[in-house]
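Predicted model only: the values in this text are computed from it and were never measured.
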Amino acid sequence: RSISPDGLAEAHVVTDGNPCLVLELARSLSDTILDSQALARSLREVLQLRLHRLGPNVARVLELAAVIGREFRLPVLSALSGSARDELLDALTVARAGRLLTDLTTFAHPLLHELVYDTVPVAARARLHAHVGSTLEVLLGDDIEAHLPELAWHFQSAAISGDAWR
C-alpha cells in the first residue's frame with residue numbers, strides 16, 4: 001500500500017513524527033487514499049482505542065489531567081480526583097506504560113492531550129477548570145504572578161459555568 005506524498009506529510013504533522021503513532025496509524029488505515037481530515041480521524045480512533053484499553057479508572061484520571069493541561073501538576077490532579085495518592089500514581093503508571101504519558105505528568109503527544117480533553121463534557125470541563133484555577137491559587141501562594149496566564153486560561157474556560165468573574 002502506498003500513501004501519497006501529501007498524505008505522508010500530513011501523517012508526519014498529525015503524529016508529530018512519532019514513529020509509534022505513525023505505525024499505529026498505518027495499521028489502522030484502509031486501502032483508500034486519505035485526505036487530512038480522514039487521517040486525523042483515523043489517528044483519533046487509534047488513540048481512543050488505546051485509552052479505552054487502559055480501563056475506566058485510568059481514563060478518568062487522564063481526563064482530569066487533560067483539563068489541567070498537557071503538562072500537569074500532581075497536587076492539582078490529586079485535588080481534582082479526590083483519590084488516594086497511591087491510587088492516582090497507579091493510574092498514571094499504567095498510562096505511562098501504555099505510552100500515553102512521557103512521564104507521570106506529561107501527555108505523550110499534543111493530539112493525545114486534545115483527544116482526552118475533548119472526551120470531557122463541556123459543562124463538566126468548565127466546572128473542572130474553575131476547580132483547577134481555585135486549586136492553583138492556593139498551591140501557588142506568593143508565586144501566583146508568574147502563573148497569571150495559566151490562571152486566566154482556566155478561569156476563562158470556566159466561564160461557561162458562570163465562574164468567569166475572577
Side-chain angles (χ1 to χ4, degrees), residues 13-25 40-166:
V13 168
V14 168
T15 63
D16 200 27
N18 182 317
C20 179
L21 292 178
V22 171
L23 285 174
E24 287 192 42
L25 180 61
R41 191 171 43 253
S42 180
L43 183 56
R44 283 185 179 276
E45 290 169 4
V46 169
L47 293 173
Q48 284 174 330
L49 181 60
R50 285 178 64 192
L51 184 62
H52 180 73
R53 287 180 184 159
L54 297 179
N57 184 46
V58 174
R60 178 66 181 148
V61 168
L62 289 176
E63 287 171 358
L64 296 173
V67 172
I68 299 167
R70 181 168 179 217
E71 295 180 10
F72 49 92
R73 294 175 181 86
L74 288 176
V76 178
L77 183 58
S78 180
L80 281 181
S81 72
S83 299
R85 181 174 172 80
D86 288 344
E87 187 178 321
L88 189 61
L89 291 175
D90 288 347
L92 294 171
T93 300
V94 169
R96 184 173 184 219
R99 296 182 313 220
L100 299 177
L101 300 175
T102 56
D103 55 41
L104 292 182
T105 61
T106 307
F107 280 90
H109 191 277
L111 186 62
L112 177 59
H113 170 251
E114 180 184 324
L115 167 83
V116 176
Y117 182 84
D118 288 344
T119 65
V120 180
V122 174
R125 194 166 50 209
R127 286 188 301 274
L128 289 169
H129 276 294
H131 192 170
V132 170
S134 297
T135 301
L136 284 172
E137 284 180 321
V138 171
L139 291 176
L140 293 171
D142 293 337
D143 194 31
I144 201 166
E145 283 195 36
H147 299 276
L148 288 177
E150 180 181 8
L151 283 168
W153 180 73
H154 284 294
F155 286 125
Q156 180 181 11
S157 298
I160 191 169
S161 68
D163 205 12
W165 61 270
R166 294 177 186 239

If you take all heavy atoms of [X] and [Y], which pair is closest and at what distance?
{"X": "L80", "Y": "L64", "result": "CD1-O, 3.9 Å"}
{"X": "H113", "Y": "A66", "result": "NE2-O, 2.9 Å"}
{"X": "R125", "Y": "V120", "result": "NH1-O, 3.4 Å"}
{"X": "A91", "Y": "V61", "result": "CB-CG2, 3.8 Å"}
{"X": "V67", "Y": "H154", "result": "O-CE1, 3.2 Å"}
{"X": "V58", "Y": "L54", "result": "CG2-O, 3.6 Å"}

Roughly how far apart are [X] [atom1] and [Y] [atom2], rounded to 0.5 Å?
{"X": "D90", "Y": "N57", "atom1": "CG", "atom2": "CG", "value": "9.0 Å"}
{"X": "R70", "Y": "L111", "atom1": "CZ", "atom2": "CG", "value": "10.5 Å"}
{"X": "E63", "Y": "L115", "atom1": "CD", "atom2": "CG", "value": "10.0 Å"}
{"X": "L140", "Y": "E150", "atom1": "CG", "atom2": "CD", "value": "7.0 Å"}
{"X": "F155", "Y": "L136", "atom1": "CZ", "atom2": "CG", "value": "8.0 Å"}
{"X": "R73", "Y": "T105", "atom1": "CZ", "atom2": "OG1", "value": "10.0 Å"}

Chi angles and distances behind the side-chain contact (heavy atoms from CB on, under 4.5 Å) call for H131, R127 = CA-CA 6 Å; H131 192 170; R127 286 188 301 274; over 6 Å; no
Can the ring centroids of H129 and Y117 be said to lie less than 6.0 angstrom from one another?
->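 For H129 and Y117, the ring centres are under 6.0 Å apart.
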In terms of heavy-atom contacts, does NE2 of H52 have more than 12 from other residues, nucleotides or ligands at under 6.0 Å?
->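 No, because the 6.0 Å sphere around NE2 of H52 holds 12 heavy atoms or fewer from other groups.
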Beyond-backbone contact of L101 with L62, side-chain heavy atoms, under 4.5 angstrom |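 Side chain of L101 against side chain of L62, heavy atoms only: contact under 4.5 Å found.
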Indicate yes or no: at least one non-hydrogen side-chain atom of L77 is less than 4.5 angstrom from one of L92.
->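 Heavy-atom side-chain distance check passes, below 4.5 Å.
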Ignoring hydrogens and geometry, is there a side-chain-to-backbone donor-acceptor pair from [X] to [Y] under 3.5 Å?
{"X": "S78", "Y": "L74", "result": "no"}
{"X": "R96", "Y": "L104", "result": "no"}
{"X": "R50", "Y": "G98", "result": "yes"}

